[in-house]
Amino acid sequence: MGVHTRRRFAVLACLVASLMAVCSASAQVATGTADGAASEFRALWITRWDYLTRADVERAIREAKDLGVTDIMWQARGQCDAFYKSDLEPWGRELFAKLPGDARDPGYDPLALAVERAHAAGLRIHAWVNVYPLWKGTSPPPDPAHAFNAHPDWRLHDAKGQPQALNEHYVIVNPLLPEVQDHVVKVCRDIVTRYAVDGLHLDYVRFVSDTMKDPAAYPADERSIGLFRKATGRAGITAPEDQAAFRDFKRDQITLLVRRLKDEAVKSRPGVVLTAAVWRRPDLARDSYLQDAAAWLRAGVLDRAMPMIYTAKDEQFDGDLAAWLKEADGQPVSPGIALYMHGADGAQTIRQIEIGGGRGASGLSLFAYSTMFESADPTQLKDEKSVAERAARLKAVAAYLKKRGAEKK
């Protein structure tokens, strides 16, 4: 090999090495590998009500960047519907609020656009999915393809075979049914493999019993009890010890789904992380909502827990967070902070962030976008006082987060 040839090879090798370094740095944002233990985590939840148009999406990402967060929890699934192009579930009807009645799609893919804009801004973005909700409201969905209509057997049924009644809160799918688990896994795998999200973020991954008069009444249909009998060998759920075992069985099935989501969906693309919005205390999560999230975290199934410690009482915030950190055994816990419950001056929000830092929490997550920014949400108050309060809250929180971000560099 001649001198000139060797020089050309040396130059080419340097170019290749440089290109690989650039690609590797870009991939950290694109695949989520940038979310390591040493990386600052400042997240913002953006709901499915916060955007309708392309402009709404672009503005939300831009404002999140300006706020000083590092991660966005972007809602992509609400109630067995899709806020992205899906062959598995129908479009979320909220996206059609201002479109003609014959519109079949919103004219763009909100999740694809959000991912593109977030990564261009240097932000990580997590696809936020509501796991068990089927429908919300007193009238059924009009779309015959929606799971509520297409799969009535997926609903919770009581011992008389009656489905959980529609109400102003969510009715949910039966967490014991294998076909329900299969469908949720398929939906999440579809998102992770088709979109360059940095993470999958689970919400309502619990027995959603907030408005049930008697949560123990569901499910009690013949098939659900049969699945319990087959798994445990017990005769039924009449005796107190059988009822306790049935609660354990329901909790175990929720845990099984989370494990499957990690193994069959999240791991389908290297670098993607699994996070979850979980109940405010680990004991209440486990005992009242059948959400054994602390165990998921300790086992490495969950990469980060985000307990929703939504309170205006700093003492409660501190106690709940301490309980989580104790059970997490060193794994990442990022407390969810409810800005809407705090004053517009931002003082209590900042105080709770500081409490988290003092306790050794792994960052924070703010609920939510519409408490600081003007949203497409039709329920957001638009009077002069509300607009001014959001602006004041934004000014205080943004100044604090930017200072915090500068100190972490």
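Not measured: the values here are computed from a predicted model.
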Check [Y] with [X], please: is the shortest side-chain N to carboxylate O separation under 4.0 Å?
{"X": "Lys65", "Y": "Glu58", "value": "no"}
{"X": "Glu389", "Y": "Lys385", "value": "yes"}
{"X": "Glu374", "Y": "Arg390", "value": "yes"}
{"X": "Glu264", "Y": "Arg259", "value": "no"}
{"X": "Arg393", "Y": "Asp345", "value": "no"}
{"X": "Glu40", "Y": "Arg404", "value": "yes"}
{"X": "Arg93", "Y": "Asp81", "value": "no"}
{"X": "Asp71", "Y": "Arg124", "value": "yes"}

Distance (rounded to the nearest 0.5 Å) between [X] [atom1] and [Y] [atom2]:
{"X": "Cys188", "Y": "Arg260", "atom1": "SG", "atom2": "CZ", "result": "11.0 Å"}
{"X": "Leu381", "Y": "Asp383", "atom1": "CG", "atom2": "CG", "result": "5.5 Å"}
{"X": "Ile46", "Y": "Ile125", "atom1": "CD1", "atom2": "CD1", "result": "7.5 Å"}

Quick one: do Glu354 and Arg359 satisfy salt bridge (charged side-chain N to carboxylate O under 4.0 Å, His left out)? Show the steps, please. CA-CA 9 Å; Glu354 293 286 352; Arg359 281 281 181 188; over 6 Å; no
Would Thr70 and Arg42 count as a side-chain hydrogen bond (donor to acceptor under 3.5 Å, both in side chains) if you check the C-alpha gap in whole Å, the side-chain angles of each, and the deciding distance to 0.1 Å? CA-CA 5 Å; Thr70 59; Arg42 302 184 298 275; 5.4 Å; no
Would Asp242 and Arg234 satisfy salt bridge (charged side-chain N to carboxylate O under 4.0 Å, His left out), going step by step from the backbone distance to the final call? CA-CA 7 Å; Asp242 291 334; Arg234 291 179 176 270; 2.6 Å; yes
Would you say [atom1] of [X] has more than 12 non-hydrogen atoms from neighbouring residues, nucleotides or ligands within 6.0 angstrom?
{"X": "Glu241", "atom1": "CD", "result": "yes"}
{"X": "Lys230", "atom1": "NZ", "result": "no"}
{"X": "Glu222", "atom1": "CD", "result": "no"}

Do Tyr51 and Trp74 make the cut of ring centroids closer than 6.0 angstrom? yes
Suppose we call two aromatic rings close when their centres sit under 6.0 Å apart. Are Phe228 and Phe249 close by that rule? yes
Could you check whether any side-chain N or O of [X] sits under 3.5 Å from a backbone N or O of [Y], counting only pairs where one atom can act as donor and the other as acceptor?
{"X": "Gln181", "Y": "Gln253", "result": "yes"}
{"X": "Lys267", "Y": "Val272", "result": "no"}
{"X": "Tyr108", "Y": "Thr53", "result": "yes"}
{"X": "Arg269", "Y": "Thr193", "result": "no"}

Among His146, Arg77, Gln79, whose side-chain hydrogen bond (donor to acceptor under 3.5 Å, both in side chains) with Glu89 holds? Arg77
Take Asp109 and Lys85 through the salt bridge (charged side-chain N to carboxylate O under 4.0 Å, His left out) test and state the conclusion after the steps. CA-CA 6 Å; Asp109 185 329; Lys85 290 183 179 179; 5.6 Å; no
Pick out which of Val129, Leu302, Val131, Leu261 makes a side chain to side chain contact (heavy atoms under 4.5 Å, CB included) with Val205. Val131
Run the side-chain hydrogen bond (donor to acceptor under 3.5 Å, both in side chains) test on Asn174 and Ser224 for me, step by step, so that the C-alpha distance in whole Å, both residues' side-chain angles and the decisive distance to 0.1 Å come before the verdict. CA-CA 9 Å; Asn174 186 342; Ser224 295; 2.9 Å; yes
Under the criterion salt bridge (charged side-chain N to carboxylate O under 4.0 Å, His left out), I'd like the reasoning laid out for Arg281 against Asp283: C-alpha separation, chi angles, the key distance, then a yes or no. CA-CA 6 Å; Arg281 287 183 66 94; Asp283 52 344; 3.2 Å; yes
Would Asp252 and Thr255 count as a side-chain hydrogen bond (donor to acceptor under 3.5 Å, both in side chains) if you check the C-alpha gap in whole Å, the side-chain angles of each, and the deciding distance to 0.1 Å? CA-CA 5 Å; Asp252 289 345; Thr255 291; 5.4 Å; no
Please name the pair of heavy atoms, one in Ala305 and one in Trp324, separated by the smallest distance, quoted to 0.1 Å. CB-CZ3, 4.1 Å
Before giving the answer on side-chain hydrogen bond (donor to acceptor under 3.5 Å, both in side chains), spell out for Ser375 and Asp50 the whole-Å C-alpha distance, their side-chain angles and the decisive distance to 0.1 Å. CA-CA 5 Å; Ser375 166; Asp50 289 325; 2.6 Å; yes
